[in-house]
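What follows is a set of notes on a single structure, which appears directly below.
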Number of protein chains: 2
Amino acid sequence: MKQKEQLCQFKLMASRDALEVIQGKWRIPIIISLTYGNKRFGEIQRDITDISPKMLSQELKALEAYKIISRTHYDRERVSNVEYSLTTLGQSLHKLLEELLNWGVFFRNEIVNKNITP
Amino acid sequence: MKQKEQLCQFKLMASRDALEVIQGKWRIPIIISLTYGNKRFGEIQRDITDISPKMLSQELKALEAYKIISRTHYDRERVSNVEYSLTTLGQSLHKLLEELLNWGVFFRNEIVNKNITP
DNA sequence: GTAATTGGTTACGTATAGGTAACTACTATA
DNA sequence: TATAGTAGTTACCTATACGTAACCAATTAC
């Protein structure tokens, strides 16, 4: 009985830690975009068509602060040559992302396509 | 090349579908609480100590609308006897939750305990 | 009869997440 | 020389997520 409650509390804490990092409309999409290779600012923007430069810039900075992605400025000569990539910590999200995607597809089939739309 | 982009777009869509449902500060915690058995309003509130009745009520309704949980009012005689439980759709989230928790624990070890706190 | 518990609701306020649009500085191309 | 593309920044505004506090109706316990 008490063990069950302690386990529940532990899981609630862990979920908060994780959510703090991936919460928000844009972070998961940005990470997904970067699983397809290192990308530049504009490339990410072209993947996620409806993100504004402001939000992209802001969320990239946040993810960098959390060590999920890293920003590299190759070739000092050319100013506009920046690349974003997943860190190993960022890559460690891949199982979680996979489950999220699986469930998203499953959910769409279960609910959206059956017109039980909420 | 083009296949890669299409796959990326597909995943971006799927992640949006999933995020729409589980987005927010309280939904995942509520679902976690309910993985430990059917619970009453007050029991969930006692699990998630800092949620207000307003938010709990609001998020329970939202999750019910998405068919993730169901509300059952046993025993018509007694008014205050309501139970919330996960639907099968809600239970289908368990792998995703597991990965979220695993990653949350991993992240805490990687970042928080090493005082590279963002 | 009164207090406590159950399962909420309502009104109100704040904070933050997110959107829009315009602008910057530099480079490359035509 | 003008235009377009690079990678953003800034100011401003809105919507909604979330918090606080008080309240309600019914039931049960004292």
Side-chain angles (χ1 to χ4, degrees), chain A residues 12 15-16 18-34 37-66 68-85 118, chain B residues 12 15-34 37-66 68-86 118:
Chain A
L12 287 171
S15 75
R16 287 201 181 193
L19 286 175
E20 196 189 316
V21 179
I22 62 171
Q23 197 73 268
K25 192 175 175 182
W26 301 116
R27 294 189 187 174
I28 294 275
I30 290 170
I31 295 166
I32 290 176
S33 170
L34 287 176
N38 302 2
K39 284 193 177 154
R40 302 202 228 166
F41 193 92
E43 291 181 293
I44 304 173
Q45 219 179 352
R46 259 168 268 132
D47 276 350
I48 309 168
T49 51
D50 50 352
I51 194 171
S52 67
K54 175 201 154 188
M55 286 310 293
L56 181 52
S57 170
Q58 180 183 302
E59 296 306 281
L60 284 171
K61 278 176 188 163
L63 289 171
E64 209 189 339
Y66 281 119
I68 303 294
I69 67 173
S70 65
R71 195 190 114 112
T72 324
H73 185 181
Y74 299 106
D75 192 356
R76 289 214 148 277
E77 308 297 299
R78 298 199 292 167
V79 181
S80 304
N81 196 357
V82 179
E83 253 188 34
Y84 293 93
S85 58
Chain B
L12 287 171
S15 75
R16 287 203 181 192
D17 289 342
L19 285 175
E20 196 189 317
V21 179
I22 62 171
Q23 195 75 267
K25 191 174 176 182
W26 300 116
R27 293 190 188 174
I28 295 275
I30 290 169
I31 295 166
I32 290 176
S33 168
L34 287 177
N38 303 0
K39 284 193 175 154
R40 302 202 228 167
F41 193 91
E43 290 180 293
I44 303 173
Q45 219 179 352
R46 257 167 267 132
D47 276 349
I48 310 167
T49 50
D50 50 352
I51 195 172
S52 67
K54 177 201 153 189
M55 286 310 295
L56 181 51
S57 169
Q58 181 183 302
E59 296 306 282
L60 284 170
K61 278 176 188 161
L63 289 172
E64 209 189 337
Y66 281 119
I68 303 293
I69 65 173
S70 66
R71 194 189 114 114
T72 324
H73 185 182
Y74 300 104
D75 192 356
R76 290 216 146 276
E77 308 297 299
R78 298 200 293 167
V79 180
S80 305
N81 196 357
V82 179
E83 253 188 33
Y84 293 92
S85 57
L86 291 182

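A, B, ... follow the sequence lines: proteins, then strands. Residue 1 opens every chain.
Phe41(B) has its side chain within reach of Leu56(B): a pair of non-hydrogen atoms, C-beta onward, lies under 4.5 Å apart. At least one side-chain heavy atom of Glu20(A) sits less than 4.5 Å from a side-chain heavy atom of Tyr66(A). Two residues are said to be in side-chain contact when any heavy atoms from C-beta on lie closer than 4.5 Å; Ile28(A) and Leu12(B) fail this criterion.
Using a 4.0 Å heavy-atom cutoff across all strands shown, Arg27(B) reaches no nucleic acid atom at all.
Between the P atom of dA7(D) and the CD1 atom of Ile30(A) lies a distance of 14 Å, rounded to the nearest Å. In this structure, CD of Glu20(A) is placed 14 Å from P of dC18(D), rounded to the nearest angstrom. Taking atom CG of residue Asp50(A) and atom C1' of nucleotide dA21(C), one finds them 17 Å apart after rounding to whole Å. One atom, CG of Leu60(B), and another, P of dC18(D), lie 14 Å apart when rounded to the nearest Å. Atom CD of Gln58(A) and atom C1' of dG19(C) are 11 Å apart (whole Å). Gln23(B) has its CD atom 14 Å from the C1' atom of dC18(D), to the nearest Å. For Ile44(B) and dT5(C), the CD1 to P distance is 19 Å, given to the nearest whole Å. Atom-to-atom, CZ of Arg40(B) to C1' of dT28(D) comes out at 12 Å; the value is rounded to the nearest Å.
A close approach under 4.0 Å does occur between a side-chain nitrogen or oxygen of Tyr84(B) and OP1 or OP2 of dG8(C). Taking only side-chain nitrogens and oxygens, Lys25(A) never comes nearer than 4.0 Å to OP1 or OP2 of dA17(D). The phosphate of dT9(C) has OP1 or OP2 within less than 4.0 Å of a side-chain N or O from Ser57(B). At dG7(C), none of the side-chain N or O atoms of Arg46(B) fall inside 4.0 Å of OP1 or OP2 (strictly under the cut-off). An OP1 or OP2 oxygen of dG7(C) is reached within less than 4.0 angstrom by no side-chain nitrogen or oxygen of Lys61(B).
Judged by atom type and distance alone, Lys54(A) reaches the base of dG19(C) through a side-chain donor-acceptor pair under 3.5 Å.
Between the side chain of Thr49(A) and the main chain of Arg46(A), no donor-acceptor pair closer than 3.5 Å is present. Counting only distance, with no hydrogens or angles, the side chain of Gln23(B) and the backbone of Gln23(A) share no donor-acceptor pair below 3.5 Å.
Place Trp26(A) and Pro53(A) on DNA chain C by their nearest nucleotides, and Trp26(A) ends up nearer the 5' end. Comparing Ile51(A) and Glu43(B) by the nucleotide of DNA chain C that holds the closest heavy atom to each, the one mapping nearer the 5' end is Glu43(B).
Distances from the side chain of Phe41(B) to the nucleotides dA7(D), dG7(C), dT9(D) place dG7(C) closest.
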